[in-house]
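Sharing a structure here in structure tokens format.
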Amino acid sequence: MTSEGTNADAGTARAAVVRRLREGMARSVLSFPLTSFRDDGSLDPDGYRAYVAQRLAAAPGALFPACGTGEFFSLDEDEYRQIVTIAVEESGGRVPVVAGTGYGWAQALRFARVAEEAGADALLVMPHYLTAAPQEGLVAQVERIAAGTRLPLVAYQRGQVSYTAESVRRLARVPGVIGLKDGHGDLDRLQRMVLAVPEDFLFFNGAATAEVQARAYAAVGVPAYSSAVHAFAPEIANAFLAALHAGDLGTVDKLLRDFYVPLVELRDRVPGYAVSLVKAAARLRGCPVGPVRAPLTDPSAADLAALKTLLATGLDLVGAAL
């Protein structure tokens, strides 16, 4: 096949992924499943398979395995392969599967190749490891990854990675780069980014508890979001989205006031609770996810008791039970 034919095929495949992601983002939240570990810290593939099946039954718009909530940073390549493979097998093509990748570009490409072999539809490029970098380097990092994989990429700005509107304009011109996940919440800068790129470029809200800022993000043209709450209480996550889509601001405000904002306040008590508190809540629901791996720590007994009370309140608000 000629290079023109190969490029055309790649473009068609990317367009199909963008279409499926856009459709999923319009109808539901994006699910970032937790990774299941046994008490000794080893990977629990069977527990993970059961847990992913539970997430899929709650009808997310897409599945993002082995990302931040899934403790990508603590997985070796063999574990990563198992996690992505299980997610692809369980999804069965029902929703797009976007696997995490990251560290420096060379290591990111090692994970990208594993994700390709496992059948993932796209990749979320996690913030690189440790080092602060200029805009030229941030763009070059994504360009190098895009050049080395056939999978389309969603760039992720969080922590030390923060793009300018001009950098996002450049990324949108890179073949294979299809979108941006924002974890900073700088809505002025995000608005400039939305206006700087073609309409088919995807954006979504990736704040730690995205529902709290969902209305503000939607106002600048980014209505889609990832939901950590979907990882342990899809009943609450789906009820919030339904109320938001219906313009039922009374229900939106009640869920924010009585569940989401207290959850954020509890999450902010200890570094790493954005993952470990979510995992603890999933265990309270009987999900087979196990503990977090170091350097994260599981919640204290007092915080776990507060979480259980808050979770019961949130579920009661939407007519569900713990």
**Request:** Flag yes if more than 12 heavy atoms outside Asp40 fall under 6.0 Å of its CG atom; otherwise flag no.
**Result:** yes
Pair up each side-chain donor or acceptor in residues 216-224 with any protein partner under 3.5 Å, not counting sequence neighbours, and list the distances.
residue : atom : partner : partner atom : Å
Tyr217  : OH   : Asp182  : OD2          : 2.5
Tyr217  : OH   : Gly185  : N            : 3.3

Atom pairs and distances, side-chain donor-acceptor, residues 235-249, under 3.5 Å, sequence neighbours left out:
residue : atom : partner : partner atom : Å
Glu235  : OE1  : Arg285  : NH1          : 3.2
Glu235  : OE2  : Arg285  : NH2          : 2.8
Asn238  : ND2  : Ala58   : O            : 3.2
Asn238  : ND2  : Pro234  : O            : 3.3
Asp248  : OD1  : Thr251  : N            : 3.2
Asp248  : OD1  : Thr251  : OG1          : 3.3
Asp248  : OD2  : Thr251  : OG1          : 2.7

**Message:** side chain to side chain contact (heavy atoms under 4.5 Å, CB included), that's the test. Do Tyr156 and Val154 meet it? Break it down for me.
**Reply:** CA-CA 7 Å; Tyr156 185 9; Val154 176; over 6 Å; no
**Asked** Does a side-chain heavy-atom distance below 4.5 Å link Phe37 with Ser74?
**Response** yes
**Fill in**
Rounded to the nearest 0.5 Å, the CG atom of Leu151 sits from the CG atom of Leu123 at a distance of 4.5 Å
**Asked** Between Glu166 and Arg192, is there a salt bridge with N-O shorter than 4.0 Å?
**Response** no
**Request:** Verify the cluster assignment for Val174 and Leu21: are they in a single hydrophobic cluster under the rule of side-chain heavy atoms below 4.5 Å apart?
**Result:** yes
**Asked** Of the non-hydrogen atoms in Lys181 and Ser226, which two are nearest, and what is the gap between them?
**Response** CE-OG, 4.0 Å
**Item:** Sidechain-backbone polar pair: Arg49 side chain, Glu90 backbone, donor-acceptor under 3.5 Å
**Value:** no
**Request:** State which residues pass side chain to side chain contact (heavy atoms under 4.5 Å, CB included) with Gln141; sequence neighbours excluded, sorted by chain then number.
**Result:** Trp105, His128, Ile145
**Asked** What residues, two or more places apart in sequence or in another chain, satisfy side chain to side chain contact (heavy atoms under 4.5 Å, CB included) together with Ser300?
**Response** Tyr273, Ala302, Asp303
**Contacts of Val212 that satisfy side chain to side chain contact (heavy atoms under 4.5 Å, CB included) - sequence neighbours left out** = Thr209, Leu256, Tyr260, Val264
**Message:** Please find the pair of heavy atoms, one from Tyr163 and one from Ala155, that lie closest to each other, and give the distance.
**Reply:** OH-CB, 4.0 Å
**Message:** Measuring from atom CG of Asp78 to atom CG of Leu43, what distance do you get when rounded to the nearest 0.5 angstrom?
**Reply:** 8.5 Å
**Fill in**
The residue among Leu277, Val278, Asp268 that forms side chain to side chain contact (heavy atoms under 4.5 Å, CB included) with Leu263 is Leu277
**Working for side chain to side chain contact (heavy atoms under 4.5 Å, CB included), residues Val194 and Gln191** = CA-CA 5 Å; Val194 171; Gln191 178 70 90; 4.2 Å; yes
**Prompt:** If you measure from CG on Asp186 to CD on Gln157, what distance do you get to the nearest 0.5 Å?
**Reply:** 8.5 Å
**Fill in**
Heavy atoms of Val177 and Ala146 approach each other most closely as CG2-CB, 4.3 Å
**Fill in**
Applying side-chain hydrogen bond (donor to acceptor under 3.5 Å, both in side chains) to Arg144 and not counting sequence neighbours gives none
**Asked** Do you know which two heavy atoms are closest between Val84 and Ala115, and how far apart they sit?
**Response** CG1-CA, 4.4 Å
Which pairs would a plain distance check flag for residues 198-206, meaning a side-chain donor or acceptor within less than 3.5 Å of a matching protein atom at least two apart in sequence or in another chain?
residue : atom : partner : partner atom : Å
Asn205  : OD1  : Ala207  : N            : 2.9
Asn205  : ND2  : Ala210  : O            : 3.1

**Message:** Using the side-chain hydrogen bond (donor to acceptor under 3.5 Å, both in side chains) criterion, which residues pair with Arg150? Sequence neighbours excluded.
**Reply:** none
**Message:** Is it the case that atom CZ in Arg215 sees more than 12 heavy atoms from other parts of the structure closer than 6.0 Å?
**Reply:** yes
**Asked** Is the Tyr103-Tyr129 ring centre distance short of 6.0 angstrom?
**Response** no
**Message:** Please tell me whether Val125 and Ile178 are part of a single hydrophobic cluster in this structure, the criterion being side-chain heavy atoms less than 4.5 Å apart.
**Reply:** yes
**Prompt:** If you take all heavy atoms of Pro288 and Asp44, which pair is closest and at what distance?
**Reply:** O-OD2, 4.4 Å
**Message:** Donor-acceptor pair, distance only, cut-off 3.5 Å: does the side chain of Ser91 make one with the backbone of Val88?
**Reply:** yes
**Request:** Could you give me the CA-CA distance, side-chain angles and deciding distance for Arg19 and Glu23, then say whether salt bridge (Lys or Arg N to Asp or Glu O under 4.0 Å) is met?
**Result:** CA-CA 6 Å; Arg19 175 183 54 76; Glu23 290 171 352; 3.6 Å; yes
**Asked** According to a 4.5 Å side-chain heavy-atom criterion applied to Ile, Leu, Val, Met, Phe, Trp and Tyr, with indirect links allowed, do Met126 and Leu180 form part of one hydrophobic cluster?
**Response** yes
**Prompt:** Quick one: CG on Asp121 to CZ on Arg20, what's the gap to the nearest 0.5 Å?
**Reply:** 5.0 Å
**Request:** To the nearest 0.5 Å, tell me how far Ser276 OG sits from Arg267 CZ.
**Result:** 11.5 Å
Donor-acceptor pairs under 3.5 Å, side chain of residues 130-138 to any protein atom, not counting sequence neighbours: which ones?
residue : atom : partner : partner atom : Å
Gln135  : OE1  : Thr164  : N            : 3.1
Gln135  : OE1  : Ser167  : OG           : 2.6
Gln135  : NE2  : Ser162  : O            : 2.7
Glu136  : OE1  : Arg170  : NH1          : 3.0
Glu136  : OE2  : Arg170  : NH2          : 3.3

**Request:** Using a 4.5 Å cut-off on heavy atoms from C-beta on, say whether the side chain of Val229 contacts that of Phe259.
**Result:** yes
**Message:** For residues Tyr225 and Val18: do they belong to one hydrophobic cluster (side chain heavy atoms under 4.5 Å, members Ile, Leu, Val, Met, Phe, Trp, Tyr)?
**Reply:** no
**Message:** Tell me whether Leu296 shares a hydrophobic cluster with Leu304, the cluster being built from Ile, Leu, Val, Met, Phe, Trp, Tyr side chains joined at under 4.5 Å.
**Reply:** no
**Spacing of Ser31 atom OG and Leu56 atom CG [to the nearest 0.5 Å]** = 7.0 Å
**Asked** Do Arg38 and Ser42 have side-chain atoms, one donor and one acceptor, less than 3.5 Å apart?
**Response** yes
Would you mind writing out the side-chain donor-acceptor pairs for residues 307-322 within the sub-3.5 Å range, not counting sequence neighbours?
residue : atom : partner : partner atom : Å
Thr309  : OG1  : Ala305  : O            : 3.2
Thr313  : OG1  : Thr309  : O            : 3.1

**Prompt:** When you measure from the side chain of Ser28 to the backbone N and O of Gly24, does any donor-acceptor pair fall under 3.5 Å?
**Reply:** no
**Request:** Applying side chain to side chain contact (heavy atoms under 4.5 Å, CB included), name anything that partners Ala282, two or more places apart in sequence or on another chain.
**Result:** Leu34, Phe232, Cys287, Val289
**Prompt:** Which is it for Glu143 and Arg173 under the salt bridge (Lys or Arg N to Asp or Glu O under 4.0 Å) test, yes or no, and what are the steps along the way?
**Reply:** CA-CA 10 Å; Glu143 288 176 333; Arg173 293 198 293 261; over 6 Å; no
**Request:** Keeping to residues at least two apart or across chains, list the salt bridge (charged side-chain N to carboxylate O under 4.0 Å, His left out) pairs with something in residues 58-71.
**Result:** Glu71-Lys279
**Side chain Thr101, main chain Ala108, donor-acceptor under 3.5 Å** = yes
**Message:** Has His230 got a side-chain atom pairing as donor or acceptor with Pro33's backbone, closer than 3.5 angstrom?
**Reply:** no
**Message:** For Ala231 versus Tyr51, what's the shortest heavy-atom pair and its separation?
**Reply:** O-OH, 2.6 Å
